[in-house]
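Notes for the one structure printed next.
Count residues from 1 along the sequence. Here the structure is a predicted model, which is why all the values come from computation and not from measurement. For the numbers below, each heavy atom of this structure counts, side chains included, while hydrogens, waters and symmetry mates do not.
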Amino acid sequence: MYLVCGEALFDFFSENDPSGLASKVNFKAIAGGSPFNVAVGLRRLGVDAALFAGLSTDHLGRRLLQVLQDEGVRTDYLLEVAAPTTLAMVAVGANGSPQYSFRGEGCADRQLTLEHLPTLGPQVRGLHIGSYSLVVQPIADTLLALVRRESGQRLISLDPNVRLNPQPDIELWRSRIATLVEHADLIKVSDEDLSLLYPGQDPARVIGGWLEQRCQLVLLTRGGEGATVFSRAHGSWSVPACAVQIADTVGAGDTFQAALIAWLTEQQMDSVEGLQRLEREQIDAMVRFAVRAAALTCGKTGPDLPYRQQLNLR
């Protein structure tokens, strides 16, 4: 089982009102949040998954819980919180890339504290962390403590997924990511994340520094340019993107992340030792699997992650 840790929220997508009146704005709300999406994506790809998160007792929080139950995500590690559900207002650009504005201060998904740290049994093969839960309190310090405790015992995957709306302090992001990198075995990072974290710096140089720590493998996603592999054991190479008619790119990175973990699980390599044993050809196959999965999500509106039967790359 994989334990995904972090936020759960509702994305509100604005839609044109037929009346054309500026006084009216229509929204379509879709359950989301990067960790939430990864947990759902894992289940759709056939991997047993749970979410460690705070869920509101309000109406939207109950809807999030229902989605998790419907998707088969384990709810053992959820905490009920009498605080509002975070709202992410999403505007999609002409190229399909989303722009976010968050309403989350004091909301339920931030309220995990050290006293809520779970005891993990041998059934938990790995942990995934990412997005703004890494830098907003008190959940940020809670997740850091969890990762420090479990690093070396279970596979740790990290996706910075930088979001400056909920936390605009880029120095805080840099500091926390640098600390978490010390404990991660597998890192997925977008070119956009690196340009925010380290503007003007060569991505290969930044990632090379990460690989000098415990990390074995870094995947740099580059949108329509595909993905680049940085492996401690096998060097670097690129995998092209799949051709797709893009609806938007919401959830594509989360799909890519879930697909990486699903591939490792299917190959029974979802452990620290398994990751270290991967051959170049296996890593290449894993990344191509993730690229194809992400392309399927890009062809749909919102974070509608694919099911395993849609991917025939065994």
Side-chain angles (χ1 to χ4, degrees), residues 1-13 27-44 47-90 100-121 123-124 126-147 150 157 159 161 163 165-167 250-251 254-255 257-258 261 302-305:
M1 185 188 78
Y2 223 82
L3 181 62
V4 185
C5 311
E7 69 265 17
L9 52 83
F10 262 92
D11 290 320
F12 279 71
F13 294 83
F27 289 97
K28 177 170 65 176
I30 301 177
S34 179
F36 181 95
N37 290 340
V38 172
V40 170
L42 285 171
R43 286 300 303 128
R44 291 187 175 189
V47 177
D48 194 13
L51 183 66
F52 177 44
L55 285 191
S56 175
T57 55
D58 67 13
H59 174 67
L60 292 178
R62 293 306 183 194
R63 293 294 291 266
L64 289 169
L65 177 60
Q66 187 63 56
V67 173
L68 293 172
Q69 292 172 334
D70 291 347
E71 295 285 353
V73 176
R74 292 180 180 243
T75 58
D76 318 43
Y77 300 91
L78 294 176
L79 175 72
E80 288 192 344
V81 181
T85 297
T86 294
L87 308 182
M89 317 308 289
V90 187
Y100 294 91
S101 175
F102 291 84
R103 276 70 169 168
E105 189 67 34
C107 287
D109 57 353
R110 304 185 182 203
Q111 302 308 315
L112 294 182
T113 64
L114 293 175
E115 69 185 55
H116 301 129
L117 281 176
T119 299
L120 304 183
Q123 78 279 9
V124 179
L127 305 175
H128 173 69
I129 56 171
S131 199
Y132 69 77
S133 289
L134 305 179
V135 292
V136 297
Q137 298 295 357
I139 188 175
D141 285 350
T142 303
L143 296 187
L144 176 58
L146 179 64
V147 166
E150 301 297 331
S157 63
D159 175 10
N161 197 32
R163 294 287 180 263
N165 289 111
Q167 177 45 266
V250 178
D254 302 328
T255 302
Q257 180 69 61
I261 297 168
D304 188 0
L305 284 69

Considering only heavy atoms from C-beta outward, does the side chain of [X] approach that of [Y] to under 4.5 Å?
X: Met1; Y: Leu42; value: no
X: Phe36; Y: Val73; value: no
X: Tyr77; Y: Leu120; value: yes
X: Leu55; Y: Thr75; value: no
X: Phe52; Y: Leu127; value: no
X: Ile139; Y: Asp109; value: no

- Message: Under the criterion side-chain contact (heavy atoms from CB on, under 4.5 Å), I'd like the reasoning laid out for Leu78 against Leu68: C-alpha separation, chi angles, the key distance, then a yes or no.
- Response: CA-CA 10 Å; Leu78 294 176; Leu68 293 172; 3.8 Å; yes

- Please assess Asp254 against Ser34 for the test side chain to side chain donor-acceptor pair (under 3.5 Å), listing each intermediate value before the final yes or no. CA-CA 6 Å; Asp254 302 328; Ser34 179; 2.5 Å; yes

Output the distance between atom [atom1] ([X]) and atom [atom2] ([Y]), rounded to the nearest 0.5 Å.
X: Glu7; Y: Asn161; atom1: CD; atom2: CG; result: 7.5 Å
X: Arg163; Y: Tyr132; atom1: CZ; atom2: OH; result: 10.5 Å
X: Asp70; Y: Leu65; atom1: CG; atom2: CG; result: 9.5 Å
X: Cys5; Y: Glu150; atom1: SG; atom2: CD; result: 9.5 Å
X: Leu112; Y: Asp141; atom1: CG; atom2: CG; result: 12.0 Å
X: Ser157; Y: Ile261; atom1: OG; atom2: CD1; result: 4.0 Å

How close do [X] and [Y] get, counting heavy atoms only, and between which atoms?
X: Pro84; Y: Cys107; answer: O-CB, 3.2 Å
X: Val67; Y: Ala31; answer: CG2-CB, 4.2 Å
X: Leu114; Y: Ala145; answer: CD2-CB, 3.6 Å
X: Leu79; Y: Gln111; answer: CD2-O, 4.5 Å
X: Pro35; Y: Val4; answer: O-CG1, 3.2 Å
X: Gly32; Y: Asp11; answer: CA-OD2, 4.0 Å

- Task: Decide yes or no on side-chain contact (heavy atoms from CB on, under 4.5 Å) for Val38 and Asp159, but give the supporting numbers first.
- Result: CA-CA 11 Å; Val38 172; Asp159 175 10; over 6 Å; no

- Query: Got a donor-acceptor contact below 3.5 angstrom from the Arg44 side chain to the Leu305 backbone?
  - Reply: yes

- Query: Got a donor-acceptor contact below 3.5 angstrom from the Ser56 side chain to the Ala83 backbone?
  - Reply: yes

- Under the criterion side chain to side chain contact (heavy atoms under 4.5 Å, CB included), which of Ile129, Thr142, Leu134 is the partner of Val147? Ile129

- Asp58: salt bridge (Lys or Arg N to Asp or Glu O under 4.0 Å) partners, not counting sequence neighbours: none

